[in-house]
Amino acid sequence: QVQLVESGGGLVQPGGSLRLSCAASGRNIFRVDTMGWYRQAPGKERELVATITSGGVKKYVENVKGRFTISRDNAKNTVYLQMNSLKAEDSAVYYCNAFIAVGGERDYIGRDYWGKGTLVTVSA
């Protein structure tokens, strides 16, 4: 069974920093492709924050550019989100997402997987 487990959320003051981690694990993972982070604040739609391909190509939503950095460790099937200069509007539940191929070389099947989320609260 494939799982994505997030960690690193918590309470931080405006201007502070947090680093989120998400590790993919499971039986018979063939390949982990694009990984990313989404967030959802109360009363709002879930939005994409950042993605990173297996080759390291990164994309960010406009309002986090220059403040957040996404990275990954392919050997550990882990993606990170370094969040600096945090603002109150960054407060949300952050969800890890990954497209993962499961199976052998001749019969693998790929689909999106989701973590359960980690809460980030930015408040004085």
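Owing to the predicted nature of the structure, the values given are computational and were not obtained by experimental measurement.
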Within the 6.0 Å centroid threshold, strictly below: Trp114 and Tyr38: yes

Nearest non-hydrogen partners of Ile100 and Ala24, listed with the distance: CD1-CB, 4.1 Å

Audit row: Val102, Ile109, side chain to side chain contact (heavy atoms under 4.5 Å, CB included) steps and yes/no: CA-CA 5 Å; Val102 179; Ile109 298 173; 5.9 Å; no

Hydrophobic cluster membership, Tyr113 vs Ile29, 4.5 Å side-chain cutoff: yes

Full working for side-chain hydrogen bond (donor to acceptor under 3.5 Å, both in side chains) between Thr78 and Asp73: CA-CA 5 Å; Thr78 299; Asp73 184 337; over 6 Å; no

Glu6 side chain vs Cys96 backbone, donor-acceptor pair below 3.5 Å: yes

Other residues, nucleotides, ligands: >12 heavy atoms within 6.0 Å of Lys76 NZ: no

Shortest non-hydrogen separation from Ala41 to Ala92 and the atoms involved: N-CB, 3.9 Å

Nearest heavy atoms of Tyr60 and Thr69, plus distance in Å: OH-CA, 3.4 Å

Flag, side chain of Ser91 to backbone of Glu89, donor-acceptor distance under 3.5 Å: no

Gap between atom CD of Gln3 and atom CZ of Arg27 - 0.5 Å precision: 14.0 Å

Qualifying ring-ring contact (aromatic ring centres under 6.0 Å, His included) pairs with a residue from residues 89-109, counting only residues at least two apart or across chains: Phe30-Tyr108

Full working for side chain to side chain contact (heavy atoms under 4.5 Å, CB included) between Asn74 and Val32: CA-CA 8 Å; Asn74 289 335; Val32 179; over 6 Å; no

Verify same cluster id: Met35, Val61 (apolar side-chain graph, 4.5 Å): yes

Under 3.5 Å: donor-acceptor pair, side chain of Arg67, backbone of Ser85: yes

Considering all heavy atoms, the nearest Gly8-Leu18 contact: O-CD2, 3.8 Å

Gln82 vs Ser17, side chain to side chain contact (heavy atoms under 4.5 Å, CB included): CA-CA, chis, key distance, verdict: CA-CA 7 Å; Gln82 179 67 47; Ser17 298; 4.0 Å; yes

Leu20 versus Met83, closest heavy-atom pair with distance: CG-CE, 3.8 Å

Short side-chain to backbone donor-acceptor contact, Arg72 and Ile52, under 3.5 Å: yes

Transitive ILVMFWY side-chain link Val2 to Trp37, under 4.5 Å: yes

Worked check of side chain to side chain contact (heavy atoms under 4.5 Å, CB included) between Tyr80 and Ile70: CA-CA 6 Å; Tyr80 306 93; Ile70 190 169; over 6 Å; no

Pairs meeting criterion side-chain hydrogen bond (donor to acceptor under 3.5 Å, both in side chains) with involvement of residues 44-58, two or more places apart: Arg39-Glu47

Closest non-hydrogen atom pair between Leu4 and Cys22, with its separation: CB-SG, 3.9 Å

Side-chain heavy-atom pair Leu81, Val79 within 4.5 angstrom cut-off: no

